[in-house]
Amino acid sequence: QDVKIQVDFNPANVQAYRLSGYEHRILAAEDFEDDAKDAGEIGAGHRVTALYELVPPGVALEQASSVTPSVYQASQEMQNARPEELMQVRLRYKQPESDTSIPLVVPVANPEMTKLGLREFDAASQDFQFTASVAAFGMLLRESPYRGTASYDFVLAAAQRGLGADVHGYRAEYVQLVRQAAAV
């Protein structure tokens with residue numbers, strides 16, 4: 001219960017970022033360690049997916065970042081971090097019937113990464129491509145200023161590449177929904 005997640009990016013690899021889809025669930029940084037502040041529930045066996053748009057260092061930003069620098073990014077620990085470390089994910093949760101949270105810190109590193117030297121989108125997993133399709137579709141529907149060059153063609157192609165096993169047919173149903181939206 002009361003699950004809180006904080007992501008701290010290594011400024012050597014990430015100049016700016018934007019969380020997509022959880023804009024209204026952002027918790028103030030000082031509330032992360034405050035066990036009196038209520039947070040979300042994640043049931044046993046459930047997963048949460050968060051998508052971040054990352055801007056590598058040296059890329060010109062069209063608008064100023066509204067990101068508040070975290071204490072972690074300003075610390076000596078981060079300044080000495082390995083260059084392949086992308087971020088640290090900090091998690092706090094309470095056991096049922098407990099008032100005290102348990103902290104967990106997981107560094108996320110990719111030995112193939114050097115200054116966000118990422119793979120091509122076509123080489124990404126089916127799940128990632130499908131998730132990116134859903135995120136882009138949401139931005140198109142809302143006419144988000146962050147949609148960039150996303151198009152219904154991209155959304156449809158990424159969704160079809162990400163169909164995978166689709167045991168319950170939900171992904172195929174989504175593809176039909178995209179086709180209908182594109183036709184409107």
Side-chain angles (χ1 to χ4, degrees), residues 1 3-10 13-27 39-68 84 86-91 93 106 108-184:
Q1 65 182 9
V3 177
K4 298 175 185 174
I5 300 171
Q6 186 179 60
V7 178
D8 288 325
F9 290 99
N10 179 346
N13 289 317
V14 179
Q15 171 183 213
Y17 66 90
R18 186 178 63 81
L19 176 61
S20 179
Y22 288 91
E23 293 89 351
H24 302 294
R25 301 281 299 157
I26 294 176
L27 187 68
E41 313 302 326
I42 300 176
H46 289 104
R47 291 190 254 180
V48 174
T49 300
L51 293 176
Y52 287 88
E53 178 180 4
L54 305 180
V55 179
V59 173
L61 297 173
E62 291 182 20
Q63 58 189 24
S65 174
S66 62
V67 175
T68 304
E84 68 273 7
L86 178 63
M87 64 184 167
Q88 283 192 356
V89 177
R90 295 178 179 178
L91 179 82
Y93 64 95
V106 179
V108 177
N110 182 347
E112 298 172 11
M113 175 183 283
T114 306
K115 298 285 185 186
L116 282 182
L118 303 177
R119 293 177 287 173
E120 293 293 321
F121 182 74
D122 291 344
S125 72
Q126 288 180 320
D127 285 341
F128 183 87
Q129 290 190 35
F130 189 82
T131 302
S133 169
V134 172
F137 186 48
M139 287 189 278
L140 286 173
L141 291 175
R142 291 188 333 213
E143 297 182 355
S144 169
Y146 301 108
R147 68 185 178 271
T149 60
S151 66
Y152 287 103
D153 289 339
F154 165 79
V155 169
L156 188 58
Q160 289 172 324
R161 285 193 307 268
L163 279 175
D166 197 21
V167 176
H168 301 291
Y170 299 138
R171 290 185 181 198
E173 186 176 336
Y174 166 75
V175 167
Q176 291 305 316
L177 182 67
V178 170
R179 283 190 177 122
Q180 290 173 350
V184 171

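All values below come from the heavy atoms of this structure, side chains included, with hydrogens, waters and symmetry mates left out. As the structure is a computational prediction, the values presented were derived from the model and not from experiment.
For Glu53, the side-chain hydrogen bond (donor to acceptor under 3.5 Å, both in side chains) test picks out Arg18, with sequence neighbours left out. Residues passing the side-chain hydrogen bond (donor to acceptor under 3.5 Å, both in side chains) test with Asp166: none are found, sequence neighbours excluded. In this structure Tyr93 satisfies the ring-ring contact (aromatic ring centres under 6.0 Å, His included) test with no other residue, sequence neighbours excluded. In this structure, the side chain to side chain contact (heavy atoms under 4.5 Å, CB included) partners of Ala136, at least two apart in sequence or on a different chain, are Ala150, Phe154, Val155.
Under the side chain to side chain donor-acceptor pair (under 3.5 Å) criterion, the residue pairs touching residues 173-184 are Ser133-Tyr174, with sequence neighbours excluded. Residue pairs satisfying the side chain to side chain donor-acceptor pair (under 3.5 Å) criterion with at least one member in residues 149-165, sequence neighbours excluded, are listed as follows: Gln129-Arg161.
Within the 4.5 Å cutoff, side-chain heavy atoms of Val108 are placed close to those of Val89. Between Leu86 and Asn10 there is no side-chain heavy-atom pair separated by less than 4.5 Å. Taking 4.5 Å as the limit, some side-chain heavy atom of Leu177 sits within range of a side-chain heavy atom of Phe137.
Rounding to the nearest 0.5 Å places CG of Asp127 at 4.5 Å from CZ of Arg171. The CD atom of Gln6 sits 5.5 Å away from atom CZ of Arg90, with the distance rounded to the nearest 0.5 Å.
Residues Gln15 and Val59 come closest through the heavy atom pair NE2-O, 2.8 Å. The shortest non-hydrogen separation linking Ala172 to Leu163 is N-CD2, 3.7 Å.
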